[in-house]
Protein chains: 2
Amino acid sequence: MNLKELALKLGLSPTTVSRALNGYPEVNEATRERVMAAAKRHNYRPNLRAIRLATGRAMAIGHVIPVASKHEVVNPVFADFIAGAGETYSRNGYDMILSIVPDEDEERAYRELHARGTVDGIIVHAPRMNDPRLPLLAGIGLPFVVHGRATGSEVAYSWLDVNNRRAFQRAAEFLLDLGHRRIALVNGLEFMDFAIRRRTGYCTALTARGIDPDPALMSSDEMTELRGYRSAREMLGLQAPPTAFLVSSMISGLGVRRAAEERGLRLGRDLSVIIHDDELSYLRNGEDVPIYTATRSSVREAGRQAAEMLLDIIARPETAPQQRLLEAELIIGQSTGPVPSAAPHRN
Amino acid sequence: MNLKELALKLGLSPTTVSRALNGYPEVNEATRERVMAAAKRHNYRPNLRAIRLATGRAMAIGHVIPVASKHEVVNPVFADFIAGAGETYSRNGYDMILSIVPDEDEERAYRELHARGTVDGIIVHAPRMNDPRLPLLAGIGLPFVVHGRATGSEVAYSWLDVNNRRAFQRAAEFLLDLGHRRIALVNGLEFMDFAIRRRTGYCTALTARGIDPDPALMSSDEMTELRGYRSAREMLGLQAPPTAFLVSSMISGLGVRRAAEERGLRLGRDLSVIIHDDELSYLRNGEDVPIYTATRSSVREAGRQAAEMLLDIIARPETAPQQRLLEAELIIGQSTGPVPSAAPHRN
DNA sequence: AATCAAGTTCAAACCGCTTTGGACGAAACA
DNA sequence: TGTTTCGTCCAAAGCGGTTTGAACTTGATT
């Protein structure tokens with residue numbers, strides 16, 4: 001059942017039927033209702049392919065997910081971010097198209113997506129410092145919103161980010177207030193923008209209390225359980241081990257806990273750990289009582305909001321770039337406590 | 001730069017240019033090369049929207065991800081499965097479109113996708129027993145491949161699955177061989193097909209050794225860290241606690257470990273744990289030495305193969321449904337060991 | 001009664017490709 | 001020499017919608 005057939009059945013022209021269904025004013029209310037009813041009755045669904053060609057709009061948003069050939073980790077926050085964004089798209093009649101492309105083809109992927117008219121806009125994931133994708137996208141004129149920011153970019157662009165610096169600064173201060181002095185940072189890869197900001201926040205807090213950040217207590221690696229474990233094990237083996245950890249993800253945090261428990265250290269008593277909690281749906285940080293003390297910010301909500309921002313930009317292309325900075329909450333769980341005194345009560 | 005303009009520049013008709021680029025035989029090799037060269041030089045990219053309308057093919061595959069309103073967990077294996085499938089699509093010029101839809105709208109989503117011509121085929125995720133989606137899809141005539149199987153479905157359909165029953169049977173036998181008699185099962189939600197099969201395998205192995213499966217040692221819940229922890233804690237608190245666990249996912253397994261360590265039990269010595277390892281990229285089960293003994297099967301590889309199967313079905317619609325059963329390996333890690341004797345060397 | 005404006009409706013062009021059904025010339029065949 | 005057969009190429013008709021420009025009523029205005 002297509003438009004022409006429907007029009008024929010109604011004794012109207014395709015023009016009028018199209019207008020009736022799309023809510024144009026120049027059509028009699030009586031006929032509009034007649035058309036609507038017939039459309040419903042015959043279960044008419046306009047062909048999206050035709051609409052796309054006729055209007056020149058793709059009614060689709062692209063998410064390009066680079067998969068590094070070397071360290072081929074699929075960022076686990078994608079799943080939840082995308083779930084959030086997807087809700088927004090569905091509600092607005094947009095499709096979400098996902099491009100999985102090998103790292104080195106990413107630029108070509110963006111160009112293709114635009115040239116072939118597959119998408120109306122793009123969400124840029126996992127921005128790096130001086131990310132080359134931003135000038136590229138600005139250059140080809142494809143609307144985009146960055147999830148995160150890209151330090152060093154000279155062009156203005158739209159982004160939505162968590163205040164990573166502030167979150168980690170507050171978390172470090174919280175640990176300092178508990179008396180910790182040797183605080184380790186188990187960070188993500190530091191060519192990623194968010195990781196840089198977190199380190200900055202961490203360093204700022206330490207420095208403000210007159211503590212020099214110790215390179216031996218800072219690691220930067222993929223945020224997997226295994227890497228978290230390795231980093232923590234190594235640091236706990238130092239002659240002067242840290243009494244607290246600041247960890248960039250829940251998953252790394254699980255690894256840190258494994259390393260701690262391997263040494264017989266109990267979290268919250270012998271060792272304090274604060275993680276960043278993206279509120280991934282399959283990694284809830286406890287239900288009533290949080291397992292970990294954490295800086296918390298829902299990546300799913302970020303997905304929803306980023307998608308809304310992008311759709312708004314597409315609808316009103318002339319407006320200035322938009323920015324939104326989400327604050328992470330600091331939630332207190334069972335994994336932190338005052339620094340253990342140098343085992344006085346054991347003597 | 002579109003086809004007409006390119007044709008004009010070449011002094012050819014659009015017909016010939018189109019044919020030259022698409023490899024049709026009725027075009028002189030010399031002119032074909034001329035066309036190819038010009039296309040490259042002018043950086044011509046055929047408009048996908050037009051191709052789609054003209055050919056009636058969407059050049060896109062849909063993945064519908066139901067998001068339950070109640071327990072809104074985004075299955076973490078999606079990310080890796082989709083990464084695998086996406087590679088296949090890219091290589092074949094297909095787009096992947098993701099629909100995030102609330103549980104109750106799933107049927108409508110499928111119908112819409114088909115009626116509006118958004119996709120050429122669908123991958124069905126997370127099949128349940130007697131899954132109503134299979135007859136639905138078969139009915140509307142949209143090609144599909146199921147990731148998993150749906151016990152109880154009377155129609156023939158294409159699927160790709162891991163031999164879950166066999167994997168868990170072997171894992172249980174392995175534990176039995178180590179002398180374990182009280183083996184617990186921490187399973188996924190048992191309206192999911194894979195969970196049913198895993199339980200069957202587990203029960204089969206026990207029964208074959210004359211052991212009656214004990215309902216107190218079987219739990220079925222979402223596969224999150226927290227649920228794994230809860231289940232394990234409860235079971236370890238029984239008057240006759242299990243000496244081994246069979247766990248349906250790595251994430252639940254992390255929870256089980258937490259519960260074990262909370263009781264001071266060391267994995268592989270005091271308590272044996274076998275997990276199922278989907279080889280999620282951010283949850284590597286160790287690098288050289290596996291942390292957990294596990295039944296292992298790459299969900300990413302499953303994604304690749306399922307996508308290939310679907311594209312093949314779309315290309316040759318007349319052929320019979322295809323099936324592929326992947327075997328999981330049983331890999332031996334550090335989390336299993338012989339059943340501890342009833343603490344004889346402590347007396 | 002002639003003119004005008006508003007309210008409805010429609011025919012036809014268009015989006016950018018694919019594909020059908022020739023057209024045309026050259027080579028092969030009778 | 002006339003007829004086939006290839007080998008190449010093209011005009012035009014789709015695909016299924018949207019959108020422009022015009023036409024036709026009807027009632028109000030002069």
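Note that this is a predicted model, so its numbers are computed, not measured. By convention in this document, chain letters (A, B, ...) are assigned in the order of the sequence lines, proteins followed by strands, and residues within each chain are numbered from 1. Heavy-atom basis, side chains included; hydrogens, waters and symmetry copies ignored.
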(request) Output yes when at least one side-chain N/O atom of B/Ser18 is less than 4.0 Å from OP1 or OP2 of C/dT18, else no. (result) yes

(request) Return the orientation label for the A/Phe81 and A/His147 ring planes: parallel under 30°, perpendicular over 60°, tilted otherwise. (result) parallel

(message) Any base atoms under 4.0 Å from A/Leu3, or only sugar-phosphate, or nothing? Heavy atoms, all strands.
(response) base

(message) In whole Å, I'd like the distance from the CD atom of A/Glu26 to the C1' atom of D/dG21.
(response) 12 Å

(message) Could you tell me how far apart B/Met59 (CE) and C/dC17 (P) are, to the nearest whole angstrom?
(response) 15 Å

(message) Rounded to whole Å, please give me the gap between CZ in A/Arg116 and C1' in C/dC15.
(response) 17 Å

(request) Indicate yes or no: at least one non-hydrogen side-chain atom of A/Ile97 is less than 4.5 angstrom from one of B/Leu98. (result) no

(message) Under 4.0 Å from OP1 or OP2 of D/dC10: is there any side-chain N or O of B/Thr16 that close?
(response) yes

(message) Can you give me the closest heavy-atom contact between A/Glu5 and A/Asn2, atom names plus distance?
(response) N-OD1, 3.0 Å

(request) To the nearest Å, give me how far apart CZ (B/Arg52) and P (D/dG14) are. (result) 24 Å

(message) So if I take every side-chain heavy atom of A/Asn47 and compare against C/dC10, D/dG16, C/dT18, which nucleotide ends up nearest?
(response) D/dG16

(message) Let's test your reading of the model: under 3.5 Å, does the base of C/dT20 pair with the side chain of B/Arg19 as donor and acceptor?
(response) yes

(request) Answer yes or no: is there an ion pair linking B/Glu112 with A/Arg45, defined by an N-O contact shorter than 4.0 Å? (result) yes

(message) It should be established whether B/Thr55 places a side-chain nitrogen or oxygen under 4.0 Å from OP1 or OP2 of nucleotide D/dC15.
(response) no

(request) Write down the distance between CD (A/Glu29) and P (C/dA6), rounded to a whole number of angstrom. (result) 19 Å

(message) Over all strands shown, is B/Gly11 touching base, sugar-phosphate only, or nothing at heavy-atom distances under 4.0 angstrom?
(response) sugar-phosphate

(request) Ignoring backbone atoms, establish whether B/Tyr24 has a side-chain N or O less than 4.0 Å from OP1 or OP2 of C/dT19. (result) yes

(message) Using OP1 and OP2 only, check whether a side-chain N or O of A/Asn22 sits under 4.0 Å from D/dT18.
(response) yes

(message) Between A/Pro25 and B/Asn2, which residue's closest nucleotide on DNA chain C lies nearer the 5′ terminus?
(response) A/Pro25

(request) Whole angstrom is fine here: how far is it from CG in B/Leu21 over to P in C/dG16? (result) 17 Å

(request) To the nearest Å, give me how far apart CG (A/Leu10) and C1' (C/dT9) are. (result) 14 Å

(request) Please report, rounded to the nearest Å, how far the P atom of D/dC10 is from the CG atom of B/Asn28. (result) 12 Å

(message) Tell me whether the rings of A/His125 and A/Phe78 are parallel (<30°), tilted (30 to 60°) or perpendicular (>60°).
(response) perpendicular

(request) Respond yes when some side-chain nitrogen or oxygen of A/Thr15 is under 4.0 Å from OP1 or OP2 of C/dC10, and no when none is. (result) no

(message) Using a heavy-atom cut-off of 4.0 Å across all strands, would you classify A/Leu12 as base, sugar-phosphate, or nothing?
(response) sugar-phosphate

(message) Taking the nucleotide of DNA chain D with the nearest heavy atom to each, does B/Thr31 or B/Ala54 sit closer to the 5' end?
(response) B/Thr31

(request) From the options D/dC15, C/dC15, D/dG17, select the nucleotide whose nearest atom is closest to the side chain of B/Leu53. (result) D/dC15

(request) Report yes or no: do A/Ser18 and A/Thr15 form a side-chain donor-acceptor pair below 3.5 Å? (result) no

(message) With a 4.0 Å cutoff (strictly under), does any side-chain N or O of B/Tyr44 reach OP1 or OP2 of C/dC17?
(response) yes

(request) Could you please name the option among C/dG16, D/dC10, D/dG17 that lies closest to any side-chain atom of A/Ala50? (result) D/dG17

